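Take a look at the structure below.
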Amino acid sequence: MPSGVPQGTPQVRKTCRPSPDPEHPMADPDLTDEVEQTEEERASIRAQRLEKIAGLRQDGVDPYPYRFDRDRTVSAVREQFGDLAAGEETEVVVRLAGRLMLKREQGRLTFGQLRDRSGEVQLFVSAGVLGAERFAEFNHLDRGDWVGVAGTVMTTKKGELSVKVAEFELLSKALRPLPDKWKGLSDVDARYRQRYVDLTVNQDARRVFEVRFAAIEAIRTALRDRDYLEVETPILNLQQGGATARPFITHYNALDMQTYLRIALELPLKRLLVGGLERVFEIGRVFRNEGIDTRHNPEFTMLEAYEAFADYTDMMDLTEQLVAGAALAATGSHVVSVRGVDIDLSPSWRRVSMVELIEEVLGVSIHPSMPVEQARAILDGLGLPSKPSWGAGRCTHEVYDELVEHTVIQPTIVFDHPRETSPLAKPHRRDPSLVERFEVIVDGRELANAYSELNDPVEQLARFQQEAALKAAGDPEAGDVDLDYVRALEFGMPPAGGLGIGIDRLTMLLAGVESIREVILFPTLRPESGLTDADFPSV
RNA sequence: GCCUCUGUGGCCAAGUGGUAAGGCAGCGGACUUUUAAUCCGACGAGCGUGGGUUCGAUCCCCACCGGAGGCACCA
């Protein structure tokens, strides 16, 4: 037996099934099922691989060894030898490790594709080089196995850069086969649940996360270059606040207290401004107990940055620089293409006030300072429903949200929001019906949100109390009165600008994908049904 | 939460009210420059789960489970 595969396949499960009904021995459906099940199991790739592993162990080969001395990556080989002419052979020995993605056996010659995180290179495996026995052992490797190789760099007749394998070692045996080598894995459910497979076979999946990590790194570096301090604040909170959203509620046994997962980073970061840290940011996960769709995942990543002595105009400049820098780092360009439209993220972006933009797009004059009846009449005229509780500010925001925002494609800073709909921002220095706030709109969607930060403790307490009243009245999105935060403000918080950017949505924009799940490695899914111990028979 | 669509062997994918194409992978064989290698051969699923209708269902109906898109809500 050349491969040393043990003979005598066990009779799977046969003995542990209930006996057939003695009354109807020939008609027992269970028995039929069982025979077929057994045959399927015996024929399964997984069962064959388990036997292969047993055979390797019998031959003294560890299918899961401990380490391998790689001396370079595939991309390093490509950089060094990329211009080698067709048919060249070098004396340079390289040691590479990666996953065997493809194998083409051809008699006494086998071609493989080895992939590491940097790229793929062909393996040229010759019986003449390895000897018949080692050559046969190479051919017993399976697509999907991790292998280490040593060999010389060469090119084939057709110019394909290859490593002529002189030695190889199995580094980890794959029990399950990779998806179709050409069609890949396209079932979205499987792609998200088994992201490890998705990342293995779908180059585009890997690309999206390279974009994501490059964007985050660029933002982090840019903020540190501006003397920002990166901090970490609690995820587990005893109070709900910092945004209007429904939280996840959990329980902390040691204190026997209800706790919340954070819905924003804002309040602890601004405490740090009180403490004199002056420039702080956090890139962190926040959690909102809301639905899932193409733009929402219950846990997502926010950047929040706060800068003392700055106001929202400074944050406008900062936002432009951060986003443009992230785009350049992640894609090599300031221009991204979204559904065939080029979007230019290079500074400076258009800046327009909310009321001016409404006027421009709809030809309608509405302002938070106008009488409520007048504002409501405008909504009626536009066919928008309104609620009796809304003031003119809420009406203005509604018009903007429903009819204006989605028309803005190129990056635009929309500033001066109604005070009524912005409870956390500082009142506008010239117009009490407004606050100093802006949002960045790109491709019809909000990408960033920023304020001149409210630092008046008396005003802040009043707003908290309003929220708490709403919460008491049953609004699950309303927050608590954070008295410690008010106390902090009473010690004095310097004037400051604050900025929030949704990292997931930024990544979607830069990577050109339409679903937030594409930019989250393990998006929230319902539990997988039907996966049990029985799916992992030991044969 | 609601609406629409969807779920076929490890992966991709046809299909019909009459008892499951094909491809890839895997298995056996041939082949020392292939690139989704090629060629030959043998094998593998009763069609998400549970009911119902029917002489008979993968295909029709109901419920449930998973997924996608849309709506509502929000970043």
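Naming: A, B, ... by sequence-line order, numbering from 1 per chain. Every value quoted in this text rests on a predicted model; they were computed, and no experiment measured them.
With respect to the salt-bridge test (charged N to carboxylate O, under 4.0 angstrom), the residues A:E514 and A:R339 qualify. A salt bridge between A:K103 and A:D142 is absent, with no side-chain N of the basic residue lying under 4.0 Å from a carboxylate O of the acidic one. Between A:E518 and A:R191 there is a salt bridge, with a side-chain nitrogen of the basic residue lying less than 4.0 Å from a carboxylate oxygen of the acidic one. One finds no salt bridge joining A:E446 and A:R295 here, because no Lys/Arg side-chain nitrogen approaches an Asp/Glu carboxylate oxygen to under 4.0 Å.
Both distances falling under 3.5 Å, in either a Watson-Crick or a G-U wobble arrangement, occur for no nucleotide opposite B:G46. Both distances falling under 3.5 Å, in either a Watson-Crick or a G-U wobble arrangement, place B:G69 opposite B:C3.
A side chain to side chain donor-acceptor pair (under 3.5 Å) check over residues 175-184 of chain A, counting only residues at least two apart or in different chains, returns nothing.
With centroids closer than 5.5 Å and planes inclined by less than 30 degrees as the test, A:F300 and the base of B:A75 pass as a stacked pair.
Side-chain N/O atoms of A:R505 include none lying less than 4.0 angstrom from OP1 or OP2 on B:A75. For B:G67, one of the phosphate oxygens OP1 or OP2 lies less than 4.0 angstrom from a side-chain nitrogen or oxygen of A:R193. Put simply, A:T294 has a side-chain N or O that comes within less than 4.0 Å of OP1 or OP2 on B:G70. Note on A:K181: every side-chain N or O is 4.0 Å or more away from OP1 and OP2 of B:C11. Within the structure, every side-chain polar atom (N or O) of A:R104 is placed at least 4.0 Å from both OP1 and OP2 of B:U34. One finds a side-chain N or O of A:K52 lying less than 4.0 angstrom from the OP1 or OP2 phosphate oxygen of B:C27. Remark: A:R517 is in phosphate contact with B:G69, judged by side-chain N or O atoms under 4.0 Å from OP1 or OP2. One finds no side-chain N or O of A:K103 lying less than 4.0 angstrom from the OP1 or OP2 phosphate oxygen of B:U34.
Using atom C1' as the reference point in both B:A20 and B:A57, the two lie 12 Å apart (nearest Å). Across the P atoms, B:U58 and B:U8 are found 15 Å apart, a figure rounded to whole Å. Rounded to the nearest Å, the gap between the P atom of B:G23 and that of B:A13 is 16 Å. A distance of about 31 Å separates the C1' atoms of B:C55 and B:G44, rounded to the whole Å. On the P atoms, B:G70 is 25 Å away from B:A63, given to the nearest whole Å. Comparing the same atom, C1', in B:G56 and in B:G17 gives a spacing of 8 Å after rounding to whole Å. Distance check on atom P: B:U4 versus B:C60 gives 16 Å, rounded to whole Å. Taking atom C1' on both B:C40 and B:C5, the two are 43 Å apart, rounded to the nearest angstrom.
Of the residues in residues 183-191 of chain A, A:K183, A:G184, A:L185, A:S186, A:D187, A:V188, A:D189 come within less than 4.0 Å of RNA chain B through at least one heavy atom, sorted by number.
Among the protein residues, A:Q106 comes within range of the nucleic acid bases, having at least one heavy atom under 4.0 Å from a base atom. Note on A:E105: a base of the nucleic acid sits closer than 4.0 angstrom, heavy atoms only.
Closest to the side chain of A:E477, from the set B:G69, B:C73, B:G26, is B:C73. Distance from the side chain of A:M154 is smallest for B:U33 among the nucleotides B:G26, B:G66, B:U33. Residue A:R288 places its side chain closer to B:A75 than to any other of B:G26, B:U35, B:A75.
Atom CZ of A:R295 and atom P of B:G69 are 11 Å apart (whole Å). Whole-Å rounding puts the A:Q113 CD to B:U33 C1' distance at 13 Å. Here B:U34 presents its P atom at 19 Å from CD of A:E120, a figure rounded to the nearest Å.
Remark on RNA chain B: of its neighbouring residues A:K157 and A:A243, the 5'-side contact belongs to A:K157, judged by nearest-heavy-atom nucleotide. Each of A:Y192 and A:W182 was assigned the nucleotide of RNA chain B with the nearest heavy atom; the assignment lying further toward the 5' end belongs to A:W182.
Aromatic pair A:Y260/A:F248: centroids not less than 6.0 angstrom apart.
A:D293 contributes no side-chain N or O that forms a donor-acceptor pair with the base of B:G70 under 3.5 Å.
Residues A:N449 and A:R437 bring a donor and an acceptor atom of their side chains to less than 3.5 Å of each other.
Between A:F138 and A:F168, the angle of the ring planes goes over 60°, which puts this pair in the perpendicular group of the 30/60° scheme.
With sequence neighbours excluded, the residues forming a side-chain contact (heavy atoms from CB on, under 4.5 Å) with A:W390 are A:L379, A:S386, A:K387, A:R394, A:C395, A:E398, listed by chain and number.
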